[in-house]
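Please read the structure below before turning to the comments.
Order of the sequence lines fixes the chain letters, A, B, ..., with proteins taken first and strands second; residue numbering starts at 1 for each chain. Side chains included, hydrogens not; waters and symmetry mates left out as well; all remaining heavy atoms used.
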Number of protein chains: 2
Amino acid sequence: MISFDTFKPGDGTPIYLQILLFIKRGAVAGTILDGDELPSRRVLSALLGINPNTVQKAFRMLEDEDLIESQTGAKSTMKLNDEKIVKLREDLLREDIRSITESLRQMGITREEAVRLIERFWDEE
Amino acid sequence: MISFDTFKPGDGTPIYLQILLFIKRGAVAGTILDGDELPSRRVLSALLGINPNTVQKAFRMLEDEDLIESQTGAKSTMKLNDEKIVKLREDLLREDIRSITESLRQMGITREEAVRLIERFWDEE
DNA sequence: TTGGCTGTATTATACGACTAGTACAGTTGC
DNA sequence: GCAACTGTACTAGTCGTATAATACAGCCAA
């Protein structure tokens, strides 16, 4: 059963997107595996203190991307393979890096400064 | 007059926040200086193809942070000094770095991999 | 078999972001 | 002075996110 212990809703990002990203990043990290059972919509929503419909929206999108399998009455399970994971990793990384480089460049930060900042703040907090 | 030529609304971030960040990052980069005139609400909204109220919301928040000065009838101007800029730089950098490190860590990326990714993708696009 | 769980669907409500339109007071340049 | 600009304020409406409550059909273990 996939654990959401490390999941903490934050920023202003829609909750359903945060759930989506949490699952995808777990799949990339290898902490979430093919066949793993997801918590039920009701259980997870109670756990996170949010509405079941919000969880359902996230799970529905995961199913639309063929990353989970659902059938009425039974728990949903992860549906992963190497190809999907490689693609997920590329997509997520590309967007993260694109976002940070654009942001830092707008502030006039150089590549060398950016690297130094990452090295310095990586292990904080 | 501050130019918004490089401003391109994107992601799902609220437009008024994107305008806010554009100004703040420009101040940090030194491309926007103390005393600089801002385009009028109406002109900027027409330029960006958005509603004047959205621009007003961003400008209002900048004034609440004492980063611009506005008076009825006259154009708004930037209100900066070294102390404010240092603080802006720290706040913006901290949030950017926090965001990217958290995201990459959730994907199981190490510090060394993160640095390599930044170095590799910095000059792309 | 049966009761409690599962996924799925529907309706209604609330709020923030954004748009549209209008109005009014004050500045600026000719 | 006056016309054209400026900032500010307000109402009304749409859309996406999130909540709340309810309902139904299918799985599964005791």
Side-chain angles (χ1 to χ4, degrees), chain A residues 1-4 7-24 32 34-80, chain B residues 1-4 7-24 32 34-80:
Chain A
M1 171 79 79
I2 298 173
S3 161
F4 278 74
F7 182 86
K8 290 192 182 64
D11 355 76
T13 313
I15 304 177
Y16 76 92
L17 281 183
Q18 295 183 48
I19 297 175
L20 205 78
L21 283 175
F22 182 84
I23 303 281
K24 288 184 174 181
I32 292 178
D34 182 63
D36 277 358
E37 268 188 357
L38 289 153
S40 83
R41 275 71 163 164
R42 288 171 180 84
V43 166
L44 182 55
S45 65
L47 229 110
L48 302 182
I50 61 176
N51 195 279
N53 294 333
T54 303
V55 176
Q56 165 62 5
K57 182 166 187 175
F59 282 17
R60 175 59 192 265
M61 293 180 76
L62 285 169
E63 186 162 28
D64 288 344
E65 295 189 51
D66 203 37
L67 296 175
I68 70 173
E69 188 143 37
S70 302
Q71 65 171 322
T72 300
K75 285 221 189 71
S76 298
T77 57
M78 295 302 301
K79 198 175 163 191
L80 298 171
Chain B
M1 173 80 76
I2 297 175
S3 160
F4 278 75
F7 182 85
K8 290 192 182 64
D11 354 76
T13 312
I15 305 176
Y16 74 93
L17 281 183
Q18 295 183 49
I19 296 175
L20 204 77
L21 282 175
F22 182 84
I23 302 282
K24 288 184 174 182
I32 292 178
D34 181 64
D36 276 358
E37 268 189 356
L38 290 153
S40 83
R41 275 73 163 162
R42 288 171 179 85
V43 166
L44 182 53
S45 66
L47 228 110
L48 302 181
I50 62 177
N51 194 280
N53 295 332
T54 305
V55 177
Q56 165 63 4
K57 182 167 189 174
F59 282 18
R60 175 59 192 266
M61 295 180 75
L62 286 170
E63 187 162 27
D64 288 345
E65 296 189 50
D66 203 38
L67 296 175
I68 71 173
E69 190 145 33
S70 302
Q71 64 170 324
T72 301
K75 285 222 191 68
S76 299
T77 56
M78 295 302 301
K79 199 176 163 190
L80 298 172

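For the segment residues 62-69 of chain A, residues with any heavy atom less than 4.0 angstrom from an atom of DNA chain C are, sorted by number, A:E63.
Applying the side-chain contact (heavy atoms from CB on, under 4.5 Å) rule to A:E69 yields the partners A:T77, A:K79; only residues at least two apart in sequence or on another chain are considered. For A:S76, the side chain to side chain donor-acceptor pair (under 3.5 Å) criterion is met by A:R41, A:S70, not counting sequence neighbours. The salt bridge (Lys or Arg N to Asp or Glu O under 4.0 Å) search around A:R42 returns none, not counting sequence neighbours. Every residue two or more places apart in sequence or in another chain that forms a side-chain contact (heavy atoms from CB on, under 4.5 Å) with B:L67 is listed here: B:K24, B:L62, B:E65, B:L80, B:K84, B:L88. For B:S3, the side chain to side chain donor-acceptor pair (under 3.5 Å) partners are B:D5, not counting sequence neighbours. Listed by chain and number, the residues in a side-chain contact (heavy atoms from CB on, under 4.5 Å) with B:F22 are B:F4, B:T6, B:F7 (sequence neighbours excluded).
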Any N/O pairs under 3.5 Å between the protein and nucleotides 2-6 of chain C? List them or say none.
unit_1 : atom_1 : unit_2 : atom_2 : d
C:dT6  : OP1    : A:S40  : OG     : 3.1
C:dT6  : OP2    : A:S40  : OG     : 3.3
C:dT6  : O2     : A:G73  : N      : 3.2

With 3.5 Å as the limit, what N/O pairs link the protein to nucleotides 9-15 of chain C?
none

Distances for protein N or O near nucleotides 14-18 of chain D N or O, under 3.5 Å:
unit_1 : atom_1 : unit_2 : atom_2 : d
D:dT17 : OP1    : A:Y16  : OH     : 2.5
D:dT17 : OP2    : A:K57  : NZ     : 2.8
D:dA18 : OP1    : A:I15  : N      : 2.4
D:dA18 : OP2    : A:I15  : N      : 3.4

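Contact of the B:L38 side chain with the B:I23 side chain is registered, since non-hydrogen atoms from C-beta on lie closer than 4.5 Å. Residues A:M78 and A:I32 are in side-chain contact: their nearest non-hydrogen atoms beyond the backbone lie under 4.5 Å apart.
Pairs engaging residues 44-54 of chain B under the salt bridge (Lys or Arg N to Asp or Glu O under 4.0 Å) rule: none recorded [sequence neighbours left out]. Within the structure, salt bridge (Lys or Arg N to Asp or Glu O under 4.0 Å) pairs that include any residue of residues 44-57 of chain A do not occur (at least two apart or interchain).
In this entry the distance linking CG of A:D11 with P of C:dG16 reads 18 Å, nearest Å. Here D:dT8 presents its P atom at 14 Å from CG of B:L44, a figure rounded to the nearest Å.
Side-chain atoms of B:Q18 come within 3.5 Å of backbone N or O of B:T13 as a donor-acceptor pair.
The shortest non-hydrogen separation linking A:I19 to A:F59 is CG2-CE1, 4.2 Å. In this structure, A:A58 and A:L20 approach most closely via the heavy-atom pair O-CD1, 3.5 Å.
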